[in-house]
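A short write-up of the structure that comes next.
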Protein chains: 2
Amino acid sequence: MAGEQEKGTVRAVERALDILLCFAGSETELGLSDIAKRIGLHKSTVHRLLASLESKGFIRRHPQTEKYRLGWSVLELVSNVYQSDDLSSIVSPEMTRLRDLLGETISLYVLSGIERIRIQAIESKQPVRRVANVGRRLPLYVGASGKVLLAYSSEELLEELMTDSSWPPELSRDEFRHALQQVRESGYAVSIEEREPGAAAVAAPIRGRNGEAVAALSISGPVDRFTPEAVERFAQEVRKSAEMLTKMLSH
Amino acid sequence: MAGEQEKGTVRAVERALDILLCFAGSETELGLSDIAKRIGLHKSTVHRLLASLESKGFIRRHPQTEKYRLGWSVLELVSNVYQSDDLSSIVSPEMTRLRDLLGETISLYVLSGIERIRIQAIESKQPVRRVANVGRRLPLYVGASGKVLLAYSSEELLEELMTDSSWPPELSRDEFRHALQQVRESGYAVSIEEREPGAAAVAAPIRGRNGEAVAALSISGPVDRFTPEAVERFAQEVRKSAEMLTKMLSH
DNA sequence: CGATGGGTTTCATTAGGTGAAACCACGTTT
DNA sequence: AAACGTGGTTTCACCTAATGAAACCCATCG
């Protein structure tokens, strides 16, 4: 389903970008008809939009299968995403330090719309570890980082999320608000197998000048390593780091 | 200058992608008027195209400066570029082995139009090393990898490059052809401060089923470490790896 | 053979994309 | 103070570029 067009935008461009975003998940290769079905446009329209993306190198066709894949132009942009991001260049060394100190995978999440994106990850060196794909988009209503981002964001965002069709029906809004209040009081959030079986996480907010969350700093790993003692230690360290980074970002 | 439109493409989309590609170099932040000047379109057109890119998260505005930067949607695509690339997943372990064996930075380049792009890099661990930015676009007429890619590509590509306005006037076409013939005979290319002062490289081709270059495997580092003895050793190892990878890619 | 499915090309239609101009805000200069 | 320059935002008339539909091509399968 092609998305609603916003005012002052170019519909054709939005459609082409929707095509690109078909490749944002785990789909590595798609055919013309697949894509046309996904975004709900006529084959001939999609064909032209794909040709446009291909002409600028954002899409390429695989020689053998002849299906469409992402092109190298995406790579050309990627190093610049980090260069242009003040946040991750400042936070990266501290994330590495935390990973080395605590031995688990450290991730950094930011808000994007009513979701979160993992924009940076430093993986544990242990044989069994949390694998963390940069660029991954995740819901806000589940997991430690989601709660942290919400707890330190505007009421409008929370309302918007709670009225969105993606809000799980079985999730009590009152209980969720209560959980966010607890996050605000303790300064961190814990998630034990909440988002994914076998995985646990602890997160704390990196805040901006207005006190709102700029990012969530998170430690995650296999749930068996997140004993109550470990969680307590992780929480202390992650919160301390987040507070230090909050101060650094104010200058 | 907005590029020429190809047949069967959507002009608006190509223009928007040209805007995105303004951020492919070292420019991290651009204003509306900057961009309009760069691609030669009216401000109001650029404004709308930017709004479209922003609506899908490919562009964002920096809170303080209010200038445009790349957005997180680029990150969402990036892990998929590698997943969808058979080549780099196969070559990556061998690149790491070479880096550990030889101690220098290993890079992988592919053809894109009449240029090359570094699609993968495993950096040396030495304090003084070659820094290798993935996604970097470079000319074919200079450097070891450029020569390797050309030596094992079609005559048409070489003609196209030599007639392009980017071909340096002081570079003899006959001598260049001769150099490519030498690459074909030896199976590798050497570049000593050819592309950049203080830097040197040795490269060999990874070929496809038709014998043409699929990629160039390259070792690069500070020129003082590329003694004749070292170059000889590097050439042997890189060429051996490239041949092994050529065989692997045939199955 | 016909049916199906993936992709490519052609064509008539119309509304969406465009450039220009006006507008706004802000900082600098006279 | 007014004028000017610069960066960004909005409105509007115009027209051609984007679109969907249909036809076409090719390969595979029953």
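Letters A, B, ... mirror the listed sequences (proteins, then strands); counts begin at 1.
Atom C1' of nucleotide C:dG7 and atom NZ of A:Lys37 are separated by 13 Å, given to the nearest angstrom. Atom CG in B:Leu49 sits about 13 Å away from atom C1' in C:dG16, given to the nearest Å. In this entry the distance linking CD1 of B:Ile35 with C1' of D:dT9 reads 15 Å, nearest Å. In this structure, the CG atom of B:Asp34 is 7 Å from the P atom of D:dG7, given to the nearest Å. Protein atom NZ of B:Lys67 is 14 Å distant from nucleotide atom P of D:dT6, rounded to whole Å. The interatomic distance linking A:Glu66 (CD) with D:dC25 (P) rounds to 19 Å, in whole Å. When the P atom of D:dC25 is taken as reference, atom NE2 of A:His47 falls 16 Å away, rounded to whole Å. Regarding B:Ile19, its CD1 atom lies at a distance of 13 Å from the C1' atom of C:dG17, rounded to whole Å.
Side chains of B:Tyr141 and B:Ile114 form no contact here, defined as non-hydrogen atoms less than 4.5 Å apart.
A cation-pi arrangement, defined by a distance under 6.0 Å to the six-membered ring centre and an angle within 45 degrees of its axis, is absent between B:Arg118 and B:Tyr109.
Across the interface with DNA chain D, nearest-nucleotide mapping of B:Leu32 and B:Arg48 shows B:Leu32 to be the residue nearer the 5′ end. Mapping A:Val13 and A:Ser44 onto DNA chain C via the closest heavy atom, the residue that lands nearer the 5' end is A:Ser44. Positionally, the nearest nucleotide of DNA chain C for A:Arg61 lies more toward the 5' end than for the other of A:Arg61 and B:Val46.
Residue contacts for B:Thr45: at a heavy-atom cut-off of 4.0 Å it reaches a base atom on one of the strands shown. Nucleic acid contact for B:Ser33: sugar-phosphate only, since backbone atoms but no base atoms lie under 4.0 Å from a heavy atom of the residue.
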If you apply the rule side chain to side chain contact (heavy atoms under 4.5 Å, CB included), what do you find for A:Arg177 with A:Leu158, and how did you get there?
CA-CA 9 Å; A:Arg177 280 182 184 279; A:Leu158 184 57; 3.6 Å; yes

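A close approach under 4.0 Å does occur between a side-chain nitrogen or oxygen of A:His42 and OP1 or OP2 of D:dA21. When the side-chain nitrogen and oxygen atoms of B:Arg15 are compared with OP1 and OP2 of D:dA17, none of them lie within a distance under 4.0 Å.
For the pairing with A:Phe23, the side-chain contact (heavy atoms from CB on, under 4.5 Å) check across A:Leu70, A:Val74, A:Thr28 returns one residue only, A:Leu70.
A side-chain N or O of B:Ser92 and one of B:Gln120 form a donor-acceptor pair less than 3.5 Å apart.
Here the nucleotide nearest the side chain of B:Arg11, chosen from D:dA17, C:dG7, D:dT10, is D:dA17.
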